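Model, not experiment: these values are computed from the prediction. Per chain, numbering begins at 1; letters A, B, ... match sequence-line order.
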Protein chains: 2
Amino acid sequence: MSERTWSIGELAEEFDTTLRTIRFYEDRGLLAPERQGTTRVFHARDRVRLQLILRGKRLGFTLDEIAHVINMYDETPGERGQLAFLIADIGKRREALLAKRRDVNEALAELDDLEERCRADLDRLSDSR
Amino acid sequence: MSERTWSIGELAEEFDTTLRTIRFYEDRGLLAPERQGTTRVFHARDRVRLQLILRGKRLGFTLDEIAHVINMYDETPGERGQLAFLIADIGKRREALLAKRRDVNEALAELDDLEERCRADLDRLSDSR
DNA sequence: GCATAGCTTGACGCTTACGTAAACGTCATG
DNA sequence: CATGACGTTTACGTAAGCGTCAAGCTATGC
């Protein structure tokens with residue numbers, strides 16, 4: 001049961017990004033793929049991390065923020081105090097995401113309004129033909 | 001019934017941004033406040049535009065994309081073909097927003113998972129006390 | 001009449017997030 | 001064996017989005 005691995009090129013293609021970008025993320029400490037010689041070898045874990053990074057980017061988070069979140073998933077501390085901190089942190093992240101969802105919903109609602117007005121305009125044009 | 005207006009400083013404070021940022025948006029053609037002499041005077045319309053800009057930024061859109069959307073709200077063309085284009089455009093924007101909402105929801109779900117695991121860990125620590 | 005608060009226009013600086021080019025190694029294939 | 005496909009590092013370039021002076025105007029209160 002040998003685990004599948006990926007090359008940097010495969011991941012870049014799969015997620016529609018570039019080699020440069022992936023290397024940059026490694027440089028910033030967001031990825032740490034295995035090396036076989038000098039060549040990077042990405043395991044499933046690295047692939048998931050890359051997905052997390054790219055999703056974070058799509059949502060407008062900075063790489064620093066994303067690094068913070070990714071590390072939350074990795075650490076999973078055993079100690080009591082650390083766990084409490086982590087849970088508090090999760091709360092903050094959730095708030096940020098909920099705020100973002102509210103923004104999205106508002107924007108969608110306004111878009112709906114606009115489309116409705118457009119369709120009304122179209123109808124008027126059809127009637128007065 | 002004189003309409004209320006705002007100074008650049010008032011808007012910066014209200015929306016927790018800076019004079020520099022607002023001026024930058026004007027420079028980029030996203031805002032075009034009235035002038036009394038050299039001083040900018042912002043009307044309700046400008047204020048709304050600023051809100052749209054800032055929300056777009058929070059969602060990770062570029063200023064160019066935001067400019068595009070803002071102009072959609074402004075133009076409201078009277079001609080038939082233009083209206084069809086606009087409606088198509090609205091569809092694209094909606095898709096982008098829905099994709100973003102999916103991303104948010106996924107991230108929230110994973111956050112929930114993580115928190116659950118943390119709480120389970122805390123419980124184990126309490127039990128074995 | 002002068003200080004203070006708030007506005008103005010430059011203009012240069014800076015960080016983030018990569019793009020891009022140079023120069024090179026490695027492996028498979030015709 | 002050389003040609004291409006893939007990988008590597010190093011390093012400079014660049015666009016976006018502002019921050020940060022500098023130098024100056026303007027109105028208002030004391």
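Spacing between atom CD of B:Q36 and atom P of C:dT8 amounts to 12 Å, rounded to whole angstrom units. Taking atom CD on A:E13 and atom C1' on D:dG7, their separation rounds to 15 Å, with Å as the unit. The separation between B:R58 atom CZ and D:dG17 atom P is 16 Å, rounded to whole Å. We find that CG of A:L19 is positioned 7 Å from P of D:dT8, with the value rounded to whole Å. A:R35 has its CZ atom 13 Å from the P atom of D:dG7, to the nearest Å. Distance CZ (A:F42) to P (D:dT8): 7 Å, rounded to an integer number of Å. When the P atom of C:dG10 is taken as reference, atom CD of B:E26 falls 12 Å away, rounded to whole Å. Rounded to whole angstrom, the span from the CZ atom of B:F24 across to the C1' atom of C:dC14 amounts to 13 Å.
Sequence order on DNA chain D of the closest nucleotides to B:T38 and B:T18 puts B:T18 first from the 5' end.
A cation-pi arrangement is absent between A:R49 and A:F42 under the rule of less than 6.0 angstrom and at most 45 degrees off the ring axis. Geometrically, B:K57 does not engage B:Y25 in a cation-pi contact, judged by NZ or CZ lying under 6.0 Å from the ring centre and within 45° of the ring axis. With B:F15 as the aromatic partner, B:R47 does not meet the cation-pi criteria of under 6.0 angstrom to the ring centre and within 45 degrees of the ring axis.
Of the residues listed (B:R55, B:R101, B:R58), the one engaging A:D103 in a side-chain hydrogen bond (donor to acceptor under 3.5 Å, both in side chains) is B:R58, and it is the only one.
Close to C:dT26, at under 4.0 Å from its OP1 or OP2, lies no side-chain N or O of A:T39. At the phosphate of D:dA16, neither OP1 nor OP2 sits under 4.0 Å from any side-chain N or O atom of B:K57. For the pair B:T21 and D:dG19, the criterion of a side-chain N or O lying under 4.0 Å from OP1 or OP2 is met. Between B:Y25 and D:dC18 there is a side-chain N or O to OP1 or OP2 distance below 4.0 Å. When the side-chain nitrogen and oxygen atoms of B:R40 are compared with OP1 and OP2 of C:dC7, none of them lie within a distance under 4.0 Å. Contact between the side-chain N/O atoms of B:R20 and the OP1/OP2 oxygens of D:dT20 is not found at any separation under 4.0 Å.
Counting non-hydrogen atoms under 4.0 angstrom, B:R23 reaches a base of the nucleic acid.
Without hydrogens or angle criteria, B:D27 side chain to B:R23 main chain gives no donor-acceptor distance under 3.5 Å.
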